[in-house]
Each structure stands twice: as C-alpha cells, then as structure tokens.
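Below you'll find the structure, written out as structure tokens, and then a few comments.
Below, chain A is the first sequence line, B the second, and so on; all start at residue 1.
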There are 2 protein chains.
Amino acid sequence: MTVAEKEYTISDLAKEFEITSRSIRHYEDEKLISPERRGTHRIYSSRDRVRLQLILRGKRLGFSLAQIRQIIDLYDLPEGKQKQTTLLLGLIQERRDALLQQRKDINFMLKELEMLESKLD
Amino acid sequence: MTVAEKEYTISDLAKEFEITSRSIRHYEDEKLISPERRGTHRIYSSRDRVRLQLILRGKRLGFSLAQIRQIIDLYDLPEGKQKQTTLLLGLIQERRDALLQQRKDINFMLKELEMLESKLD
DNA sequence: CATCAAGTTTACGTTTGCGTAAAGGTAAGG
DNA sequence: CCTTACCTTTACGCAAACGTAAACTTGATG
C-alpha cells in the first residue's frame, strides 16, 4: 500500500526555503515546476519539493532559470530508451564542464581569501 | 631598475577574455576597475588585467558586480595596519561560507549528472 | 454564516548587466 | 592632409527575475 505522500502549500515551501511565494509562482510560470491543483490552490508533493531544491541549488550556482530548466528536464526522462541520447550526453557534458570550471574558480578564490586573511595581523 | 610593465588596450583585454569592450567599460562604471588614462584612451596594466580576471571569475560563480566589488576591494587594503580588521574578517568569512556552500552544491550536481548519465544506456 | 488569513490572477514597476546606436575624437600610415 | 581603425561619451533599449499592488476567491474557524 502506498504511504500517504506529504503535501505542502506554497507558503509552507516559501517559509522552509526562505523565499517568497511570488518566486515559486514565477518558477511555475517559467515551467520549472508544476504542482497539482486542488481547485485553484497549488498542492506541492515531495517530488515538487525536491524540484524546488534543485532550482535553488542551481540558483546558488548562478545558473539562469532557463538553464536550470534544462537540467531539471533531464530528470524527467521517460525510463528506458531515451529520445536522443547523444544530444543529452552532450548537454550533460556541458553542464559538467561548467561545474568543474566553477569548482576551480572556487578553490582559487578560497586560497585568495586565505592569503588576504593572513594579511590581517 | 623597473622592468617595463606590460600595457593593454581595452580591445586587447576584450579579445583575450572573449568579452566586449562595452562590458569592460561597464565594470569601470561600476567601480570594479579604473585603468590609467593616456589622454582619453584607457591603458590597462598587468594589475588591471588581474582585476579583470577576478571579475570574470566572480561572474562565473554567479556573484553580482556589487558583490565582486566587495571582494576585489579586499585586495586593495593598504599594507600594514588595517582599518577595521574584524569587519573585514567577517566579510571574508561570509564569502568563504558562500563558496563552501557552492562547492557542496557543485559536488551534489556532479553526482546527479553521473547518475543521469548512467541511465542513458 | 461571518470573518479572516492565505490563496489566486493580472499587470505594471524595478534592478542588474550589458547591447546597441549615435556622434564624434585620436593616432598611425600613406 | 586624408583615410582607416580604434577609441571615447551619452543615452536609450532590453531581457531576466522577481517586487509590489490591486482586486478578488477560498477554506477553515468561532
């Protein structure tokens, strides 16, 4: 039997992640998330909540909502045979390259901060 | 004797870093860089070039120009006794926290990408 | 059933980060 | 001196990512 799925209102998630409801609705406008509707009200599932986490993670990394949607869409691949594997692999590789570059940038800046800090004696 | 410092025009740097001159001037408007002037023309030194690299690194990490300026300003501390050490240490710590969070986010996403990739068989 | 917090849509406003003319100044070569 | 390439400032334009206000609707509660 299916365990009762957790559900969230828009302000539940807004509070939890310290963003505004407006932002969450905006992400919906931009097709990044699409919660169930119960009447007019939005009901968010655990999966929706995870998607929101992915969105925010992408944001912290400086990706645009459009880029984040691309990444998120990768998660929605219908199981089994994929549509255009090579295209997707390319997309994944692109993302990975960007992330690896970012990690380098971060490590560089962390070192710089250390040096700066040591100057403050 | 002082070794002749390398100098660059705005388009030298624009080409090297694959950005537009417009962007570089914009960074100047935003007080992120302030090259020497020879007449009306801008002359960039090696130090200016390094600053530009810092700017672009910050951009790749998703920082706003205002945030980047804060970081860059840390480099311009007059040697020796600093103005408000504790304040600066706080600022540095803030930056570090953000960078560490980003690194976590990156590592998370890299793992996710691997998983996604493995689904494409 | 009245109330009241929380939800909804619609739409204009704002900030950031440049793009893109427009209109002209400057430096080197022929 | 004239062309040509590159530089300058000024200023309006624009997309992204929401903020914010207006004007309802809904659902839980006393």
Side-chain angles (χ1 to χ4, degrees), chain A residues 6-45 48-49 51-73 94-95 98 101-102 105, chain B residues 6-45 48-49 51-73 95 98 102 105:
Chain A
K6 273 187 192 162
E7 295 186 345
Y8 310 86
T9 68
I10 195 166
S11 51
D12 284 343
L13 295 183
K15 263 178 218 162
E16 177 175 358
F17 295 113
E18 300 185 281
I19 57 180
T20 64
S21 297
R22 174 66 174 92
S23 295
I24 300 180
R25 291 198 193 96
H26 182 61
Y27 301 149
E28 186 173 347
D29 286 344
E30 299 295 322
K31 318 287 183 191
L32 294 178
I33 193 170
S34 49
E36 180 190 337
R37 295 288 183 132
R38 200 155 296 161
T40 65
H41 288 48
R42 293 169 173 82
I43 305 291
Y44 296 84
S45 69
D48 289 326
R49 186 174 164 282
R51 286 179 80 93
L52 187 52
Q53 283 184 305
L54 286 172
I55 294 171
L56 298 179
R57 202 163 1 239
K59 291 224 65 191
R60 283 196 299 270
L61 293 176
F63 292 121
S64 72
L65 294 185
Q67 291 176 312
I68 293 172
R69 180 173 49 196
Q70 281 199 332
I71 299 173
I72 280 185
D73 285 350
E94 250 180 65
R95 283 307 102 213
Q101 175 62 52
Q102 285 205 26
D105 290 331
Chain B
K6 271 187 193 163
E7 296 186 342
Y8 310 85
T9 68
I10 194 166
S11 51
D12 284 342
L13 295 183
K15 262 177 216 160
E16 177 176 357
F17 295 114
E18 300 185 281
I19 57 180
T20 65
S21 297
R22 174 64 175 96
S23 295
I24 299 180
R25 292 199 193 93
H26 181 61
Y27 302 149
E28 187 173 345
D29 287 344
E30 299 295 324
K31 319 287 184 191
L32 295 178
I33 193 169
S34 49
E36 179 191 337
R37 294 288 182 132
R38 199 156 296 160
T40 64
H41 290 49
R42 293 169 173 82
I43 306 289
Y44 296 84
S45 69
D48 289 327
R49 186 173 163 282
R51 286 178 81 92
L52 187 51
Q53 284 184 305
L54 285 173
I55 294 171
L56 298 180
R57 210 173 344 251
K59 290 221 62 189
R60 284 197 297 271
L61 293 177
F63 291 121
S64 72
L65 294 184
Q67 290 175 313
I68 293 172
R69 180 174 48 197
Q70 282 200 331
I71 299 173
I72 280 185
D73 286 350
R95 284 306 101 213
Q102 283 205 24
D105 289 333

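Heavy atoms only, all atoms of each residue included: Arg49(A) and Leu13(A) are closest at CG-CD2, 3.8 Å.
Between Glu28(A) and Arg37(A) there is a salt bridge, since at least one side-chain N of the basic residue sits less than 4.0 Å from a carboxylate O of the acidic one.
A distance-only check finds a donor-acceptor pair linking the side chain of Asp12(B) to the backbone of Thr9(B) [under 3.5 Å]. The main-chain N or O of Leu32(A) is found under 3.5 Å from a side-chain atom of Arg51(A) such that the two form a donor-acceptor pair. A donor-acceptor pair is defined here as one N or O able to donate and one able to accept, closer than 3.5 Å; such a pair exists between the side chain of Asp48(A) and the backbone of Ser45(A). With Glu30(A) contributing its side chain and Leu65(A) its backbone, the two residues share no donor-acceptor pair below 3.5 Å. Ser11(B) places no side-chain N or O within 3.5 Å of a backbone atom of Ala14(B) that could act as its donor or acceptor partner.
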Pairwise N/O distances under 3.5 Å, protein to nucleotides 6-9 of chain C:
from, atom 1, to, atom 2, distance (Å)
dG7(C), OP1, Ser11(A), N, 3.4
dG7(C), OP1, Ser11(A), OG, 2.2
dG7(C), OP2, Ser11(A), OG, 3.3
dT8(C), OP1, Arg42(A), N, 2.7
dT8(C), OP1, Arg42(A), NH1, 3.0
dT8(C), OP2, Arg25(A), NE, 3.2
dT8(C), OP2, Arg25(A), NH2, 3.0
dT8(C), OP2, Arg42(A), NH1, 3.4
dT8(C), O5', Arg42(A), NH1, 3.2
dT9(C), OP1, Arg37(A), NH1, 3.2
dT9(C), OP1, Arg37(A), NH2, 3.4
dT9(C), OP2, Arg42(A), NH1, 3.0
dT9(C), OP2, Arg42(A), NH2, 2.8

Identify each atom pair where a protein N or O and an N or O of nucleotides 15-18 of chain C are less than 3.5 Å apart, giving names and distance.
from, atom 1, to, atom 2, distance (Å)
dG17(C), OP1, Leu65(B), N, 2.9
dC18(C), OP1, Lys59(B), NZ, 3.1
dC18(C), OP2, Tyr27(B), OH, 3.2
dC18(C), OP2, Lys59(B), NZ, 2.5

